[in-house]
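Each chain gets a letter, A, B and so on, in the order the sequences are listed, and its residues count up from 1.
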Amino acid sequence: MPDLTQARQSVLEGIEASGRAGTFSLLPPLSRLNYRGRISTVGRVAAAFGVEPAMEPCRAAIFGDRAALWLGPDEWLLLAKEGEARSIIDRLAIALAPLSYSLVDVSHRQVALKIAGPQAELLLNAGCPLDLDRQAFPVGMCTRTLLQKTEIVLWRVAETEFHIEVARSFAPYAWRFLEQAERDL
Amino acid sequence: MLLIDCPFCGKRPELEFRYGGEAHLARPADPADLGDKAWGQFLYGRSNPRGVHAERWRHVHGCGRFFNALRDTTNDRFAATYKIGEERPAIPEAEGAASA
Ligand SMILES: [Zn+2]
């Protein structure tokens with residue numbers, strides 16, 4: 001499979017002002033893998049990927065620059081540095097054989113945005129109906145949810161910092177929505 | 001906003017869910033043995049109660065899982081939610097008395 005990484009073009013080109021100051025910004029590209037399999041397979045994923053996927057619902061596990069986000073009772077989103085997807089798939093294939101599982105490279109399906117600062121929750125709540133109080137949505141919590149009309153994965157990486165994953169084709173919409181919401185803060 | 005208690009994720013806003021029709025409808029083991037009437041009943045016959053209704057929901061913008069719920073069709077109150085494969089729970093009389 002040819003490496004298309006070099007030919008990659010940001011979906012926000014022409015929209016996103018790089019080095020943007022404000023509550024939200026674009027994060028660099030990542031490797032993303034959607035893993036689905038029985039709970040009994042997760043130990044092997046942990047050994048091969050280097051992060052022990054959380055069993056507790058809506059929790060992210062991190063180790064170094066890798067993360068495993070719980071998306072469902074048999075579904076995790078694995079995040080790693082750009083360009084590592086191929087080698088991770090190969091390692092997992094060895095570790096998981098001959099079990100059945102699903103592992104899909106979704107690196108280019110989504111883009112990541114960072115929402116940070118004292119008004120991060122307020123900005124998100126302009127379009128996200130979840131309770132983002134630090135008790136209700138603590139650091140390390142992650143979930144699929146909605147941002148206005150688009151689905152996102154929302155992950156609180158620090159007290160005042162969120163990582164969101166949005167479908168590539170919906171990124172310009174999410175971006176424009178956040179711009180508008182930021183003006184209204 | 002109405003909160004629905006996903007058996008996996010906990011209480012979440014209604015917007016994240018999709019309705020999935022009546023629950024506990026078992027597909028006939030051997031459809032070829034059924035007459036048109038019985039097959040039609042399986043496909044289209046629904047209890048459509050006034051009061052507590054067992055129905056499927058999917059946490060589509062969350063964990064993605066289907067689950068079952070008991071909801072009162074007269075006031076939209078959810079009496080219980082439970083995982084697929086679990087028994088329909090008994091609910092206290094007071095909650096299911098709306099149709100009386
Ligand atoms: Zn859920």
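- Contacts between A:Asp131 and chain B at a heavy-atom distance below 4.5 Å are absent for every atom of the residue.
- A:Leu178 places none of its side-chain heavy atoms less than 4.5 Å from the side chain of A:Thr23.
- Listed in order of number, the residues of residues 4-24 of chain B that approach chain A to under 4.5 Å between heavy atoms are B:Phe8, B:Cys9, B:Arg12, B:Pro13, B:Leu15, B:Glu16.
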Check step by step if ring pair (Phe, Tyr, Trp, His ring centres under 6.0 Å) holds for B:Trp39 and B:Tyr44.
CA-CA 9 Å; B:Trp39 183 243; B:Tyr44 305 113; 9.3 Å; no
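- The shortest distance between side-chain heavy atoms of A:Arg144 and B:His61 does not fall below 4.5 Å.
- Under 3.5 Å, the side chains of B:Glu86 and B:Asn68 contain no donor-acceptor pair of N or O atoms.
- Atom CD in A:Glu121 sits 12.0 Å away from atom CG in A:Leu130 (nearest 0.5 Å).
- For A:Ala112 against A:His163, the heavy-atom pair with the smallest separation is CB-NE2, 3.6 Å.
- Between A:Phe177 and A:Tyr173, the angle of the ring planes stays under 30°, which puts this pair in the parallel group of the 30/60° scheme.
- For residues 26-34 of chain B, heavy-atom neighbours of chain A at less than 4.5 Å comprise no residues at all.
- The two residues A:Ser31 and A:Gly83 have their closest heavy-atom pair at OG-N, 3.2 Å.
- Within the 4.5 Å cutoff, no side-chain heavy atoms of A:Gln110 are placed close to those of A:Arg168.
- Heavy-atom pairs under 4.5 Å with chain B peak, among A:Ile152, A:Thr143, A:Leu146, at A:Leu146.
- Panel note: side chain A:Arg156, backbone A:Val139; no donor-acceptor pair is recorded below 3.5 Å.
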